[in-house]
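What's counted below: heavy atoms across the whole structure, side chains too, no hydrogens, waters or symmetry copies. Order of the sequence lines fixes the chain letters, A, B, ..., with proteins taken first and strands second; residue numbering starts at 1 for each chain.
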There are 2 protein chains.
Amino acid sequence: MDQQLRELKNRFQPGDKELFHSVLARIGDKWSLMVIIMLSKKSQRYTELLDNIPAISRRMLTVTLRQLERDGLVHRIVHADLPPWSEYGVTDLGLTLREPVVAIAEWALDHREEILSNRESFDDSHAD
Amino acid sequence: MDQQLRELKNRFQPGDKELFHSVLARIGDKWSLMVIIMLSKKSQRYTELLDNIPAISRRMLTVTLRQLERDGLVHRIVHADLPPWSEYGVTDLGLTLREPVVAIAEWALDHREEILSNRESFDDSHAD
DNA sequence: CAGGATCCTGGTAGATACTG
DNA sequence: CAGTATCTACCAGGATCCTG
């Protein structure tokens, strides 16, 4: 075990395994990452997000936004005008998450060919 | 949109959205991260992993290992001795993934209290 | 406009039993 | 020892319809 992992392990508390999983599962689900990226560009209202994120349904946009809001990554401002409208944006906490997430996205790009080729040869050699 | 995101976007290719998702979904699932962490410490055989990862079932260990192997993050060496045994370890590619993943884990630890408190107050204010 | 409610489906994961 | 096979349970996610 190297230094980096050792330091990480020294900070472990009970429940951190669940914390890691909940955080990774959040950005690993189908829409959260896309929503965070869109809102990082600029704050947007519900319908804008619906238009800008291809193929997302109203239900999943709502569900995803609520989960992100629950963790404090995204905030919602409801305007009581008529017709009523609401605006979403990333919080300060959400902004801090962007750096490590972009790092993973860059990792995926850097190793794009390698990953895809690995999958291909694995599937070939395991085809029945 | 800031510089970091712009550079990332310039490198987009068709299919990258799916690539991001497949990579994030992999480390965001229930067991992959734990398996990668265990194998980063040292190469281990199947039964060792089974013992070292609390509550994982044989089936899910096998499934998880196969998926990681498919992406080329983990390699398997099968020894044909009697009784036969196999050994798993992280590949060079898997090692490069560790840095950004540890970054996210550290983010989760750094903002542990904030996240948990956000969830609590959100749940309180939405309790019916 | 921005959702909530409901129903349905496919895939992830667990339990259990069996095998080269 | 290191898996496979099968069956089942559950939940994320999609489709559709309804509302303040």
[atom1] of [X] versus [atom2] of [N]: gap in Å, rounded?
| X | N | atom1 | atom2 | result |
| --- | --- | --- | --- | --- |
| B:His21 | D:dG13 | NE2 | C1' | 11 Å |
| B:Leu65 | D:dG3 | CG | P | 7 Å |
| B:His79 | D:dG3 | NE2 | P | 11 Å |
| A:Glu87 | C:dC1 | CD | C1' | 14 Å |
| A:His126 | D:dG3 | NE2 | P | 11 Å |
| A:Asp29 | D:dG14 | CG | P | 10 Å |
| A:Gln67 | C:dG3 | CD | P | 14 Å |
| B:Lys30 | D:dC10 | NZ | C1' | 11 Å |

Pairs under 3.5 Å (N/O, protein and nucleotides 18-20 of chain D):
none

What pairs of donor and acceptor atoms, side-chain ones from residues 80-89 of chain B against any protein atom, are under 3.5 angstrom apart with sequence neighbours left out?
{"residue": "B:Asp81", "atom": "OD2", "partner": "B:Trp85", "partner atom": "NE1", "Å": "3.2"}
{"residue": "B:Tyr88", "atom": "OH", "partner": "B:Arg66", "partner atom": "NH1", "Å": "3.3"}

>> Closest approach to the side chain of A:Arg45, judged atom by atom: which nucleotide of C:dC1, D:dG13, D:dG3 is it?
In response: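 So the side chain of A:Arg45 is nearest to C:dC1.
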> Out of D:dG3, D:dC1, C:dG3, which has the shortest distance to the side chain of B:Tyr46?
Replying inline: D:dG3
Is [X] near enough to [N] that one of its side-chain N or O atoms lies under 4.0 angstrom from OP1 or OP2?
| X | N | answer |
| --- | --- | --- |
| B:Ser86 | D:dC1 | no |
| B:Trp85 | C:dG20 | no |
| A:Tyr88 | C:dC1 | no |

> When you measure from the side chain of B:His21 to the backbone N and O of B:Lys17, does any donor-acceptor pair fall under 3.5 Å?
Replying inline: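 Checked: no pair found.
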Could I get the full list of ring-ring contact (aromatic ring centres under 6.0 Å, His included) partners for [X], not counting sequence neighbours?
| X | value |
| --- | --- |
| A:Trp31 | none |
| A:Phe20 | A:Phe12 |
| B:His111 | B:Trp107 |

Name all residues meeting the side chain to side chain donor-acceptor pair (under 3.5 Å) criterion together with [X]; count only those two or more places apart in sequence or in a different chain, and write none if there are none.
| X | result |
| --- | --- |
| B:Asp29 | B:Ser32 |
| A:Arg112 | B:Gln13, B:Asp16 |
| A:Glu18 | none |

>> Between B:Glu48 and B:Lys42 (salt bridge meaning N to carboxylate O under 4.0 Å), is one present in this structure?
In response: yes
> Quick one, which residues of residues 48-62 of chain A touch DNA chain D with a heavy atom under 4.0 Å?
Replying inline: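 Heavy-atom cutoff 4.0 Å gives A:Arg59, A:Met60.
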